[in-house]
Number of protein chains: 2
Amino acid sequence: MSAALTNTIKSEVGREGILDAAASLFRQRGYGAVSLRSIAQAAGIKAGSIYYHFASKDEIVTEILNAGILAVHAEVVAAVDAVPAWESADVIVRAALRGHLRTLLEHGDYTSANVRIFGQVPLAVRDANLSARRGYEKYLDVLLSKLQADGAIRSDVNIGRFRLMLIGALNATLEWFDPAKGSAEELADDYADAFLYGILNQTGDSS
Amino acid sequence: MSAALTNTIKSEVGREGILDAAASLFRQRGYGAVSLRSIAQAAGIKAGSIYYHFASKDEIVTEILNAGILAVHAEVVAAVDAVPAWESADVIVRAALRGHLRTLLEHGDYTSANVRIFGQVPLAVRDANLSARRGYEKYLDVLLSKLQADGAIRSDVNIGRFRLMLIGALNATLEWFDPAKGSAEELADDYADAFLYGILNQTGDSS
DNA sequence: CGTTAAACCTAACAAATGTTAGGTAGGGTA
DNA sequence: TACCCTACCTAACATTTGTTAGGTTTAACG
């Protein structure tokens with residue numbers, strides 16, 4: 001019973017190969033345009049073989065969606081933890097936005113697949129992703145609430161609503177982001193400038 | 001040849017009935033989960049009858065997508081035109097956001113259907129909607145550029161990029177907006193506050 | 001060497017889909 | 001009244017889909 005457990009170095013496709021192929025296809029074509037046969041072909045196997053590793057298409061999608069959220073969540077936590085606690089709200093928020101956009105736009109296909117297909121997936125699959133999403137949302141809410149308690153964020157800002165606005169704006173970049181026109185971090189800095197300071201000229205002069 | 005043209009007051013379903021039913025279904029279920037048979041049933045006819053009014057499913061979707069963009073575009077133009085030209089950038093931008101969110105969240109199903117299914121639709125259909133989208137985007141760019149030329153918007157703000165951020169953030173509200181928890185206009189004001197002035201406390205005191 | 005089990009393949013299934021060809025009711029017009 | 005055209009219906013089609021049952025290969029282990 002140690003056969004496959006000891007030696008998986010061969011040219012096997014396996015769970016990971018299927019998930020990688022599926023995530024890549026979901027990212028670039030959306031949910032409805034990706035069949036099990038297209039996943040199988042991209043992975044280098046036949047459609048029926050998928051059922052050796054997964055019980056259903058929903059199971060594949062569920063796994064990809066969850067991995068996508070866990071990836072951003074972990075990356076943002078790491079990015080925020082990397083900045084000293086005494087740093088300004090500007091630096092902290094900027095680190096979070098950088099982490100989010102880096103994962104979404106430049107690292108792997110799981111987070112981008114999640115953002116792309118979440119709204120197209122069967123209800124049961126969406127529900128299976130809510131727990132992971134709530135975890136990430138909760139983390140952001142706590143982070144932002146601390147900054148508000150410190151007085152860095154205006155007290156009249158509704159944190160929950162701002163978090164929705166933030167995530168919505170960030171995730172929407174997936175539709176038009178072009179790596180040839182600038183990195184994800186440059187984009188994150190632009191977004192941070194707008195969200196933190198607004199776009200209006202606030203030099204008290206009204207010429 | 002004046003039969004149907006003169007008397008359409010009867011209990012006919014017609015093009016409009018099909019489009020309305022389809023837009024409503026697309027809005028709440030997404031593209032992939034809506035079949036021609038479900039559209040027909042919602043409209044009160046049989047699936048085959050749809051082909052008397054439309055040549056294909058794509059034609060229905062194309063028409064809905066275009067109507068959705070024209071609706072927001074028109075509403076935002078009307079909202080902006082309703083405010084005196086000498087008003088502040090705050091008032092002008094706020095009016096635009098209000099118009100956009102009102103149409104998206106409270107008026108009809110066409111704009112919301114567009115936002116919901118645009119990313120799920122066949123490429124040819126998406127392309128057929130790009131012209132209308134570019135028209136709306138161009139209008140916003142011109143509007144914002146004027147405000148920037150007046151010095152109201154900071155000169156280091158990239159207008160095209162900000163417009164993408166703005167539309168992305170606004171459209172994302174469709175996923176979680178709940179009319180029971182506040183109107184679209186209240187929401188628009190919150191968004192305007194954040195985008196115009198930022199969320200940071202900018203009272204020069206750093207206690 | 002023979003056995004075993006993991007990782008794949010083949011071939012088929014039922015269901016759902018967009019689409020089409022031909023038919024029908026019924027009000028308007030001549 | 002006879003005709004016509006609009007707006008629908010019926011019934012079927014080819015295709016694609018997720019899924020399944022049973023077979024084949026290959027490498028490790030005793």
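Below, chains carry the letters A, B, ... as their sequence lines are ordered, and counting in each starts from 1.
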Atom-to-atom span, CD of A:E12 to C1' of C:dC9 - whole angstrom: 15 Å
Note, B:I117 side chain near B:V61 side chain (heavy atom, < 4.5 Å): yes
Interatomic distance, B:I60 CD1 vs C:dT17 P [rounded to whole Å]: 14 Å
Within the 6.0 Å centroid threshold, strictly below: A:H100 and A:Y191: no
Under-4.0 Å salt bridge between B:E63 and B:R15: yes
Length of the CD1-C1' vector between B:I45 and D:dT10, whole Å: 14 Å
B:E175 atom CD, over 12 foreign heavy atoms within 6.0 Å: no
A:K46 NZ - C:dC9 P separation (whole Å): 6 Å
Exceeds 12 heavy-atom contacts within 6.0 angstrom, atom CD of B:E87: yes
N or O in side chain of B:K57 less than 4.0 angstrom from C:dT17 OP1/OP2: no
Presence of B:S49 side-chain N/O under 4.0 Å of D:dC9 phosphate oxygens OP1/OP2: yes
Heavy atoms from other residues, nucleotides or ligands near CD of A:Q28 exceed 12 (cutoff 6.0 Å): yes
A:F54 CZ - D:dG18 P separation (whole Å): 15 Å
Interface with DNA chain C, restricted to residues 26-42 of chain A and to heavy atoms under 4.0 Å: A:R37
Below 4.0 Å: OP1/OP2 of D:dC8 and any side-chain N or O of B:H53: yes
Under 4.0 angstrom between A:Y51 side-chain N/O and D:dT19 OP1 or OP2: yes
Position toward the 5' end of DNA chain C (nearest nucleotide), A:Y52 or A:G48: A:Y52
Value in whole Å for how far the P atom of D:dC9 lies from CD1 of B:I50: 10 Å
Aromatic contact, A:Y31 with A:F118 (centres under 6.0 Å): no
